[in-house]
Amino acid sequence: ISFNNLGNSNILSVTSIFLCFIIGLFLRCKTRDYYLMITSLLMLLVGDLFNLFFPKLSIIWLISLNLVQVLFFLRIYLDSEYKKSNLISRCISIPIFIAISYFILKEKNNYQVILWLIFMVNLFINILFTIKEIGLNNLFPIGLLLMLLFGFSIMFLELNNYISVNVYFLESIDNLPFDLKSIFYLPSIIVLTCSIFTVNRRCFSKEIKK
């Protein structure tokens with residue numbers, strides 16, 4: 001599969017998420033965390049299917065990405081010791097970044113960019129609180145970090161289309177001989193799927209003993 005072909009990379013993305021979702025369905029430990037992750041994979045699969053077959057409805061893909069971050073937030077929040085600071089940081093950060101975007105966007109009411117900003121802010125806060133809770137000795141924060149790199153790659157590729165100032169070095173990134181997004185997106189999905197095992201290792205240990 002040629003990574004510099006957007007259609008091929010989208011097919012690879014959908015296929016990979018579908019396989020991760022199928023593998024996840026065969027896991028035996030039906031915990032709350034498990035259901036959150038399976039629902040997240042399903043949301044990603046639906047969003048990528050829309051992105052593949054209905055590219056003009058890319059807003060559906062953005063909505064699915066945001067819903068996934070909400071599910072990841074719940075994964076962190078439900079057993080967190082920092083519930084109040086987690087909520088406050090989101091309530092402060094999201095309006096600030098939306099306000100800043102108003103001054104730099106070519107189109108002031110671009111809902112796609114606003115959805116993308118909300119996704120990135122929630123993702124970044126999810127990473128901070130995941131590392132604060134469990135450190136980096138788990139696949140979940142690593143998968144989130146890879147997804148953050150995917151988010152930054154999208155921003156770099158699309159930045160010139162949305163801001164009023166041209167950033168010339170971004171043109172060279174756009175002409176790379178591979179799809180930059182897939183380099184980070186696919187590994188992030190695989191690592192996040194594997195995090196079901198690391199987060200629920202006690203549950204799997206009990207199943208093995210049985």
Would you compute the distance between atom [atom1] of [X] and atom [atom2] of [Y] and round it to the nearest 0.5 angstrom?
| X | Y | atom1 | atom2 | result |
| --- | --- | --- | --- | --- |
| T193 | I22 | OG1 | CD1 | 11.5 Å |
| Y185 | I17 | OH | CD1 | 3.5 Å |
| I60 | L49 | CD1 | CG | 12.5 Å |
| L36 | R32 | CG | CZ | 7.5 Å |
| L78 | F73 | CG | CZ | 8.0 Å |

So, using side-chain contact (heavy atoms from CB on, under 4.5 Å) as the criterion, who are the partners of L145 when residues are at least two apart?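 L145 satisfies side-chain contact (heavy atoms from CB on, under 4.5 Å) with I127, L136 only.
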Tell me whether F97 at atom CZ has more than 12 heavy atoms from other residues, nucleotides or ligands lying less than 6.0 Å away.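 Counting neighbours around CZ of F97, 12 or fewer heavy atoms of other residues, nucleotides or ligands fall under 6.0 Å, so no.
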May I ask you to check whether over 12 heavy atoms, not counting those of F124, lie within 6.0 Å of atom CZ?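 Incorrect, the count does not exceed 12.
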Check against side chain to side chain contact (heavy atoms under 4.5 Å, CB included), R90 and V121: CA-CA 8 Å; R90 293 171 203 274; V121 172; 5.9 Å; no
Under the side chain to side chain donor-acceptor pair (under 3.5 Å) test, residues paired with N66 that sit two or more places apart: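 Scan of N66 (side chain to side chain donor-acceptor pair (under 3.5 Å), adjacent residues dropped) gives none.
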Check against side chain to side chain contact (heavy atoms under 4.5 Å, CB included), S13 and L186: CA-CA 6 Å; S13 172; L186 298 183; 3.9 Å; yes
Considering all heavy atoms of both residues, which atom of [X] and which atom of [Y] are nearest to each other, and what is their separation?
| X | Y | result |
| --- | --- | --- |
| Q112 | S58 | NE2-OG, 3.0 Å |
| L146 | S188 | CB-CB, 3.5 Å |
| V191 | G143 | CG1-N, 3.5 Å |
| P141 | I131 | CB-CG1, 4.2 Å |

Hydrophobic cluster membership, [X] vs [Y], 4.5 Å side-chain cutoff:
| X | Y | result |
| --- | --- | --- |
| V14 | I38 | yes |
| M37 | Y77 | yes |
| L25 | L19 | no |
| L45 | I23 | no |

Determine the interplanar angle of the F119 and F150 rings, folded into 0 to 90°, and report it as parallel if under 30°, tilted if 30 to 60°, perpendicular if over 60°.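 Geometry flag for F150 against F119: perpendicular rings.
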F129 side chain near S89 side chain, heavy-atom distance below 4.5 Å: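 Yes; the side chains approach each other to less than 4.5 Å.
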Check step by step if side chain to side chain contact (heavy atoms under 4.5 Å, CB included) holds for L65 and M43. CA-CA 8 Å; L65 286 176; M43 289 285 184; over 6 Å; no
Take F140 and F72, measure what ring-ring contact (aromatic ring centres under 6.0 Å, His included) needs, and give me the verdict at the end. CA-CA 10 Å; F140 185 50; F72 287 167; 5.5 Å; yes
Answer yes or no: is there a donor N or O on one side and an acceptor on the other, between the side chain of S195 and the main chain of L192, under 3.5 Å?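 Yes: the side chain of S195 pairs with the backbone of L192.
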Worked verdict on D48 versus L52 for side chain to side chain contact (heavy atoms under 4.5 Å, CB included): CA-CA 6 Å; D48 272 41; L52 176 63; over 6 Å; no
